[in-house]
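Only a predicted model underlies this, so the values are computations on that prediction, with no experimental measurement involved.
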Amino acid sequence: MLNYWQTVGENARRASEKLRLADSGKKNALLEALYQEILAHQDAIKIENVKDLENAKSKDFDAAFIDRLALNDARILDMANGVKEMILLPDPIGEMTDIKTRPSGIQVGKMRVPLGVIAIIYESRPNVTIDAAALCLKSGNAAVLRGGSEAFYTNQYLAKLLANALEKVDLPADAVQIINTTDREIVDLMVTSPQYIDVVIPRGGKSLVERISHQATVPVIKHLDGVCHTYVDIDADLNKAYHVVDNAKTQRYAPCNTMETLLLHEKILKDFLPEMATILVEKGVEIRACETTLAILKAENIPAIIASEEDWHTEYLAPILAVKAVKDMDAAIDHINHYGSHHTDVILTENYSKATHFLRAVDSACVMINASSRFCDGFEFGLGAEIGISTDKLHVRGPVGLEGLTSQKYIVLGHGEGRQ
């Protein structure tokens, strides 16, 4: 295993040096070639995907898991179109900014550059293979991808299509390598090899992300979970609040930016909670309420159960919502900073001073005023595709698009100056 990994790592490092010099035209030609490869081999992709689906069914994976694994014509087309759309995104590499002339006469600025080699470790969804590879290539990075064993056959076939596209535009086929073993030892090697890997991005369940974060000796871009809050203030427009809260919870239950805890100013409970709870319950949401909010719900014959301490920490990814009354905005902020996962948190208020204070005081990757937490997304933010949402503070925070897969270096433009 060690010899195999050393070969992969050395090939990735060499490929990254060539890819770093590729201009926008060549990278876009590569993405166009990949788009054509996917369209030309749809039937072959589905044949390999069937092998993975049969394996998953034989191991009694649940229906939701098998659905995530499956690639039909529509999903393959979406995968191809995602690559096509990335061609239209501006290339961040080589961008020079903040150029200032110093008293000595030199000009100092910054240039955006690739990170180098990115390792991405992910589970089940084979479309991630193409999304991740395309993002890395567009941003000038080589990629080492380790998909889940459950998508092994699909991923290995997609690796061939990626290699074909790279060769068509005279870029090294090793610019994207997909690990061809299901041995878990390879993950241990990937995350402890700074000589080959510049950053690791884990995409999957909390246990996977925690394990990699604790074990890695290379930088990790990650988020563990999305315990997202919406706080409805005493100065909120309640008509707006009904729509925003409903959308934040019920538009989709599984994404990491779905609201999991609703915080309510204690003075709006009787005016807002019964109607809001009714809307949610009618859509099948189970409410787990604090003692204060539970009493109001019971008085209105609205079903709910008492919340436990664990509920305030929980990312449900399901039609379950924790609800708590708070004394004021500061109490809401304290709750969010204590129980939250630093992902996405929202205030609903028409008070400008409170809104701006909330923006400064809540320590999360994304903080919003009067909008659904479901907007925390690379596409919605105008970044195009994203590799994930980072709750780290270094090196990137929030949705990670092309720019998030780059760094900057200082550049100096001189005219023959020497330091005095």
With no hydrogens and no angle check, just 3.5 Å: does a side-chain donor-acceptor pair link Thr129 and Tyr122?
yes
Under 6.0 Å from the CD atom of Glu309, do we count more than 12 heavy atoms belonging to anything else shown?
yes
Does a salt bridge link Asp363 with Arg397, judged by any charged N lying under 4.0 Å from a carboxylate O?
yes
Tyr153 atom OH, over 12 foreign heavy atoms within 6.0 Å
no
Among residues at least two apart in sequence or on other chains, which ones pass ring pair (Phe, Tyr, Trp, His ring centres under 6.0 Å) with Tyr253?
none
When you check the gap from the basic side-chain N to the acidic O, do Lys168 and Glu37 get nearer than 4.0 Å?
yes
Student check: side-chain heavy atoms of Val362 and Ile347 closer than 4.5 Å:
no
Of all heavy-atom pairs between Ile197 and Met190, which one has the smallest distance, and what is that distance?
CG1-O, 3.7 Å
Under 3.5 Å, is there a donor on one side chain and an acceptor on the other for Asp311 and Ser308?
yes
How about Phe375 and Phe381: are their ring centroids closer than 6.0 Å?
no
Heavy-atom count around Met96 CE within 6.0 Å, excluding the residue itself: above 12?
no
Regarding Lys206 and Glu315, does a basic nitrogen lie under 4.0 Å from an acidic carboxylate oxygen?
no
Nearest heavy-atom contact between Val117 and Tyr196 is CB-O, 3.3 Å
Assess whether atom NZ of Lys26 is packed by more than 12 heavy atoms of other residues, nucleotides or ligands within 6.0 Å.
yes
Sidechain N-carboxylate O distance under 4.0 Å for Lys46, Asp43
yes
Closer than 4.0 angstrom, basic N to acidic O: yes or no for Glu48 and Lys51?
yes
